[in-house]
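Residue numbering restarts at 1 for every chain, and letters A, B, ... go by the order of the sequence lines.
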There are 2 protein chains.
Amino acid sequence: MTSQQDLLDTLAQVARALGNGHRLALLERLAQGEAPVETLATTADLTIGNASQHLQHLRRAGLVTAQRSGKQMIYRLTDERIINLLGLLRQVAETNLAEMERLISRLFAEDDADGVLEAVSRDELLAGLARGEVALLDVRPEEEYEAGHLPEAINIPLAQLEEMLGKLPHDREIVAYCRGPYCALSHEAVQRLRQLGYRVRRFEEGYPEWKAAGLPVT
Amino acid sequence: MTSQQDLLDTLAQVARALGNGHRLALLERLAQGEAPVETLATTADLTIGNASQHLQHLRRAGLVTAQRSGKQMIYRLTDERIINLLGLLRQVAETNLAEMERLISRLFAEDDADGVLEAVSRDELLAGLARGEVALLDVRPEEEYEAGHLPEAINIPLAQLEEMLGKLPHDREIVAYCRGPYCALSHEAVQRLRQLGYRVRRFEEGYPEWKAAGLPVT
DNA sequence: CCATCATTCTATCGTTTTATTGAATGATGA
DNA sequence: TCATCATTCAATAAAACGATAGAATGATGG
């Protein structure tokens, strides 16, 4: 009977590994693809030593694995389902926590003045793609695009948006996506492109969710 | 950009609420149905004060809600998806954590000497029920059975197993279930019934998972 | 084999969590 | 209204966590 509680304690240990904002940021970056410590530290805005320690913590919980490559240590998620786990955690938090709602609306406050920027759901996107009515735009950095992206997506990193407008079609609606639901890149891309007269909306999810759902990636 | 991290911090707060074995035990009990503090404290083997404090913690994280009923405070899960969240957490932990495997095999060590006790999957169970080839046995306490159970399940609490054998059919295989994958009740029931000559296996999940999957309950 | 670079380990300190105890609150029924 | 019961609140001490800085490790290129 006591080992029943041992199991729950072990489970709790895994949950506790998720219980820190910095570690969640590291996992979100890892959901885009494997990366060495330095990259992870930079995107999560941590010192190297600090990032290393958090990564050890995630490793002890079995959420990430590490592999040496030359003098670098490459980390990756142990399991695609971790993305689903994060998604479900987010769903539960969003529906049941008023605080969450407040933060989300603040993060995306400026956007939706006239309601036209409503996000495109996965089903809607799939339907639009099947009918050839939409073009996909990936606004993540080139490195993350190279590591994997949605089929037929055009990559224009946000930093080069205006320079690379030539790659965008004019005959179709554009759907922009980035790292996930909380990633602000596609929000900003949509705003800037709309000011330039493009017909564009954002995808409500991101690359990791698409991949975790078993949909094809390139 | 900083509010991106605020969101992750809030998410981390919810994860941290799951990061304690006692709180997971409370949630597992709540997955069976709502209950007052005293019941919860008893099943989680906590003092009342301690249980109350953990429940407050879960409430702040938006995972449970409380409602006064007379002089008792009734707690319940805010959201069925929390059961899915726990299930996914368990899956991830089981596949990626050697420690987990060790604990599970220890918990169920005696059982499977000859391999016949292999658990019945959800699909297999549904097929068997559809063909009328299996009878369902719910070995949880009567209180939990009353709060909800699988359709057509016979309730024989483990404590009264031998006294109530008369309720069991002899012409079909019996599938026993209880609170969930780690619950030992159905394991023990299967062992004891097999010694009495019954053809019986256990369901690999439990009532909460069945309900959370949207399958019919009574 | 030495200098260098990426990463991890160790030690420390301040902060947060947890369990425990006892007092306070809120509803009930005599 | 008072005594009682269920629960929560408040205060404390022990344990776990998180950030930081500097030493140690392990691979590489000369």
Q. Does anyone know the first and last nucleotide of DNA chain D in reach of chain B, 5' to 3', at under 4.0 angstrom to a heavy atom?
A. dC5(D) to dA10(D)
Q: Would you kindly say whether Arg59(A) and Thr78(A) are connected by a side-chain donor-acceptor distance under 3.5 Å?
A: no
Q | For atom CG of Asn20(B) and atom C1' of dT17(C), their distance in whole Å | A | 9 Å
Q) Rounded to whole angstrom units, what separation is found between the CD atom of Gln72(B) and the C1' atom of dG29(C)? A) 15 Å
Q. Which atoms form the tightest heavy-atom contact between Ile156(B) and Lys167(B), and what is the distance?
A. CD1-CB, 4.3 Å
Q) Closest approach of Glu142(A) and Asn155(A), non-hydrogen atoms and distance? A) CA-OD1, 3.5 Å
(Q) Tell me whether Arg90(B) forms a cation-pi arrangement with Tyr182(B), defined as NZ or CZ under 6.0 Å from the six-membered ring centre and within 45 degrees of its axis. (A) yes
Q.
Can you confirm if the NZ or CZ of Arg179(A) lies within 45° of the ring axis of Tyr207(A) and under 6.0 Å from the centre of its six-membered ring?
A. no
Q | Contact list for DNA chain C against residues 42-70 of chain B - heavy-atom distance below 4.0 Å | A | Asn50(B), Gln53(B), His54(B), His57(B), Arg68(B), Gly70(B)
Q.
Let's see if you get this right: which residues in residues 21-34 of chain B place a heavy atom under 4.0 Å from DNA chain C?
A. His22(B), Arg23(B)
**Q.** Arg122(B) with Glu209(B): basic N within carboxylate O range, under 4.0 Å
**A.** no
Q.
Between Glu80(A) and Lys211(A) (salt bridge meaning N to carboxylate O under 4.0 Å), is one present in this structure?
A. yes
**Q.** All pairs passing salt bridge (charged side-chain N to carboxylate O under 4.0 Å, His left out) where residues 29-44 of chain A contributes a residue, at least two apart
**A.** Arg29(A)-Glu143(A), Arg29(A)-Glu144(A), Glu34(A)-Arg76(A)
Q: Quantify the bending of the helix from dC1(C)-dG30(D) to dA30(C)-dT1(D) as the angle between its end axes, each fitted on five pairs, to 10°.
A: 20°
Q) Hey, mind stepping through Arg192(A) and Glu162(A) against salt bridge (Lys or Arg N to Asp or Glu O under 4.0 Å) and telling me if it holds? A) CA-CA 9 Å; Arg192(A) 279 156 60 179; Glu162(A) 278 77 7; 2.8 Å; yes
**Q.** Qualifying residue for side-chain contact (heavy atoms from CB on, under 4.5 Å) with Tyr177(B), from Arg140(B), Arg202(B), Glu205(B)
**A.** Arg140(B)
Q | Parallel, tilted or perpendicular: ring planes of His54(B) versus His22(B), cut at 30 and 60 degrees | A | tilted
**Q.** Comparing Gly19(B) and Pro36(A) on DNA chain C - which has the more 5′ nearest nucleotide
**A.** Pro36(A)
Q. Taking C-beta and beyond as the side chain, do Thr218(A) and Leu150(A) meet within less than 4.5 Å on heavy atoms?
A. no
Q | Counterpart residues, salt bridge (Lys or Arg N to Asp or Glu O under 4.0 Å), relative to Arg23(A) (two or more places apart) | A | none
